[in-house]
Amino acid sequence: MEDTICAISTSLGVSAISIIRVSGNDSIDIVNKIFKGKDLKKVKSHTINYGHIVYNEELIDEVLVSIMKAPKTYTTEDIVEINCHGGIATTEKILEILLTNGCRLAQPGEFTKRAFLNGRIDLIEAEAVSDLLNATSQKARTTAVNTLNGRLTKIIKDLRSKILSIMANIEVNIDYPEYEDAIEITHNNLLPMLQEVKNDFNKILEDANNYKFIKNGIDVALIGKPNVGKSSLLNALINEDKAIVTSISGTTRDIIEGKMNLNGINLNIIDTAGIRETTDIVEKIGVDKSKDIINKADLNILVLNNNEKLENEDIEIFEKIKNTKHIVYVNKTDLNKKIDIEKLNCFNVVYGNTVDNGGLTELKNKIIELFNLGSIESKDLTYLSNARQIAIFKNADAALNNAILNTKNMTPIEMIDVDIKQIWDLLGELIGQTYHDELLDELFSKFCLGK
């Protein structure tokens with residue numbers, strides 16, 4: 001981390017402004033060599049300075065240069081940001097000049113990696129930076145901001161404090177049994193201490209399940225026989241003519257996707273090919289895709305025709321989805337009712353039609369109910385946000401469960417202390433108190449170059 005790095009921090013393309021970021025001990029000296037204006041080594045920190053980039057007596061661009069001196073910067077190193085005119089040629093030319101004058105091209109996420117290694121942020125906060133950049137809904141953005149501001153870190157540190165207190169008392173009992181002021185740790189008073197921590201764990205794990213939907217949205221598959229109105233329902237939900245709608249059976253032969261927002265959560269709606277027996281090779285591929293999506297979707301909506309009696313194909317499709325989260329949407333209620341819906345023995349049934357959008361509000365409310373979306377409040381969005389965090393926390397939870405079981409079984413307390421120490425270590429790994437270089441390389445490789 002002794003070298004000075006640089007990268008383009010804005011999207012490369014035609015724009016009003018581009019930003020090239022430089023970080024490291026020599027960042028101010030390097031930029032000052034190619035900057036015509038004030039002496040950047042003498043200007044105050046956190047100032048913006050007008051001038052020009054000049055190289056080999058050639059005027060490259062008119063720029064504004066931001067100077068931010070260590071340690072109060074993103075990386076805690078000296079940082080310079082060159083604001084130039086947007087455009088590929090100009091931006092890349094300035095980057096090329098910086099590389100020629102002593103900078104190294106930053107690796108993906110290296111600015112944030114330096115912020116972590118220099119103690120500016122912890123590992124959870126570093127991951128929140130990536131979540132913020134990739135947020136596609138307001139709830140995802142709010143959650144990332146909350147985590148970046150340290151709310152999740154505080155929760156984890158508070159848990160570690162509780163664990164540390166338990167460990168300290170056990171250690172005193174073992175090493176200094178004559179010390180009268182220490183709390184005597186017995187199986188009877190250790191169990192409620194561990195149960196209190198377990199209650200905190202349960203809340204965090206429950207919230208983690210919600211975050212999958214906040215971050216990635218809910219995958220909703222519209223399934224059913226041909227010509228029951230799946231494509232019309234997709235168009236009605238997203239309020240856009242995304243799918244072709246005709247009276248010809250089997251019009252949809254491939255996957256068509258659309259998005260809508262419900263209670264701040266993205267719904268990724270997938271219109272599938274009608275499921276039926278067919279000899280048409282192309283249609284059969286679409287039918288096979290539809291069957292595969294049933295097993296992958298978070299929610300399956302079986303669309304039925306109100307104007308037709310149930311057929312064996314309808315019942316077979318319902319059998320495929322009945323053990324998944326599902327809703328039956330009886331479409332075409334503007335036509336005479338012929339459907340014998342009681343055959344399905346299904347409780348999540350919504351009636352409507354796509355002519356006047358009847359039943360759409362009821363369908364949305366049913367989705368909100370099934371996924372408990374009403375309880376996900378923007379004001380308190382603080383969740384474990386990725387597979388790494390959840391995996392480590394579940395390992396800590398398993399160690400906690402083991403400690404509780406051993407306490408109930410009256411296992412010697414010094415042996416239970418081994419499980420408690422493991423919980424402490426895993427929570428430390430979660431926030432980056434301990435880490436492996438390979439983990440950091442993998443984590444930050446997913447960032448863009450300028451971050």
Side-chain angles (χ1 to χ4, degrees), residues 1-122 125-126 128-130 132-133 144-145 148-150 444 447-451:
M1 296 220 303
E2 297 300 318
D3 50 357
T4 298
I5 58 174
C6 67
I8 300 168
S9 290
T10 48
S11 296
L12 196 57
V14 178
S15 61
I17 295 172
S18 290
I19 299 175
I20 301 100
R21 175 181 284 176
V22 186
S23 181
N25 294 333
D26 298 326
S27 57
I28 297 175
D29 286 338
I30 291 172
V31 176
N32 198 45
K33 287 192 294 183
I34 62 172
F35 178 73
K36 186 175 181 180
K38 292 182 178 178
D39 185 347
L40 298 179
K41 292 185 287 185
K42 296 180 180 179
V43 301
K44 292 182 179 180
S45 181
H46 294 77
T47 60
I48 298 176
N49 304 274
Y50 171 79
H52 296 83
I53 298 296
V54 177
Y55 187 60
N56 288 338
E57 299 184 356
E58 178 187 356
L59 178 64
I60 305 300
D61 194 21
E62 182 182 30
V63 297
L64 293 173
V65 175
S66 300
I67 297 295
M68 292 162 278
K69 297 180 181 179
K72 294 184 178 181
T73 69
Y74 184 64
T75 61
T76 77
E77 304 169 336
D78 286 344
I79 287 183
V80 180
E81 290 185 352
I82 302 172
N83 296 257
C84 64
H85 286 96
I88 296 174
T90 300
T91 308
E92 288 192 336
K93 182 62 178 178
I94 295 174
L95 179 66
E96 176 190 328
I97 294 169
L98 289 170
L99 295 173
T100 302
N101 280 270
C103 286
R104 171 178 63 78
L105 185 64
Q107 298 171 353
E110 190 169 359
F111 292 96
T112 303
K113 184 177 182 180
R114 289 190 174 200
F116 165 69
L117 293 173
N118 291 332
R120 166 74 168 72
I121 55 177
D122 62 39
E125 291 166 341
V129 174
S130 179
L132 185 59
L133 294 175
V145 169
L148 187 56
N149 286 340
F444 291 106
F447 282 60
C448 56
L449 279 176
K451 198 62 181 176

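FYI, side chains are in, hydrogens and waters are out, and symmetry mates aren't considered; it's all heavy atoms of this structure.
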Original post:
Thr90 side chain to Gly87 main-chain N or O, any donor-acceptor pair under 3.5 Å?
Top reply: no

Original post:
Would one find more than 12 heavy atoms of other residues, nucleotides or ligands at under 6.0 Å from atom CD1 of Ile17?
Top reply: no

Original post:
Below 4.5 Å, heavy atoms only, C-beta onward: do Ile30 and Val22 meet side chain to side chain?
Top reply: no

**OP:** Only counting residues at least two apart or in another chain, list the ones meeting side chain to side chain donor-acceptor pair (under 3.5 Å) with Glu110.
**Re:** Arg104

**OP:** Report yes if some heavy atom in the side chain of Phe35 is under 4.5 Å from a heavy atom in the side chain of Val63; otherwise report no.
**Re:** yes

Original post:
Quick one: CG on Leu148 to OG on Ser130, what's the gap to the nearest 0.5 Å?
Top reply: 11.5 Å

**OP:** Might you point out which heavy atoms bring Ala7 and Ala106 nearest each other, and give the distance in Å?
**Re:** CB-CB, 4.0 Å

**OP:** Spell out, as yes or no, whether a donor-acceptor pair under 3.5 Å connects the side chain of Asn32 to the backbone of Leu40.
**Re:** yes

**OP:** Just grab all the salt bridge (charged side-chain N to carboxylate O under 4.0 Å, His left out) pairs involving residues 57-69, residues at least two apart or on different chains.
**Re:** none

Original post:
In Å, rounded to the nearest 0.5 Å, how long is the span from CD1 of Ile97 to CD1 of Ile60?
Top reply: 4.0 Å

Subject >> Heavy atoms of other groups near Leu105 CG, more than 12 under 6.0 Å >> reply: yes

Original post:
Yes or no on side chain to side chain contact (heavy atoms under 4.5 Å, CB included) for Val65 and Asn83, after CA distance, side-chain angles and deciding distance?
Top reply: CA-CA 6 Å; Val65 175; Asn83 296 257; over 6 Å; no

Original post:
Counting N and O atoms only, with roles assigned by atom type, does the side chain of Ser27 sit under 3.5 Å from a partner on the main chain of Gly24, one being a donor and the other an acceptor?
Top reply: yes

Original post:
When rounded to the nearest 0.5 angstrom, what is the spacing between CD in Glu81 and CG in Leu64?
Top reply: 12.0 Å

Original post:
So do Ile121 and Thr112 actually touch side chain to side chain, heavy atoms under 4.5 Å?
Top reply: yes

Subject >> Lys38, NZ atom: more than 12 neighbouring heavy atoms under 6.0 Å >> reply: no

Original post:
Could you give the distance from CD1 (Ile8) to CG (Leu98), rounded to the nearest 0.5 Å?
Top reply: 10.0 Å

**OP:** Determine, stepwise, if the pair Arg114 / Asp78 fulfils salt bridge (Lys or Arg N to Asp or Glu O under 4.0 Å).
**Re:** CA-CA 12 Å; Arg114 289 190 174 200; Asp78 286 344; over 6 Å; no

Original post:
If you round to the nearest 0.5 Å, how far is CD1 of Ile34 from NE2 of His52?
Top reply: 13.5 Å

**OP:** Would you mind telling me which of Lys42, Met68, Lys41 makes a side chain to side chain contact (heavy atoms under 4.5 Å, CB included) with Ile28?
**Re:** Lys41

**OP:** Any chance you could measure Thr91, atom OG1, to Ile20, atom CD1, to the nearest 0.5 Å?
**Re:** 5.5 Å

**OP:** For residues Tyr74 and Arg120, report the shortest heavy-atom separation together with the two atoms involved.
**Re:** O-CG, 3.1 Å

Subject >> Shortest non-hydrogen contact from Thr75 toward Ser23 >> reply: OG1-OG, 2.8 Å

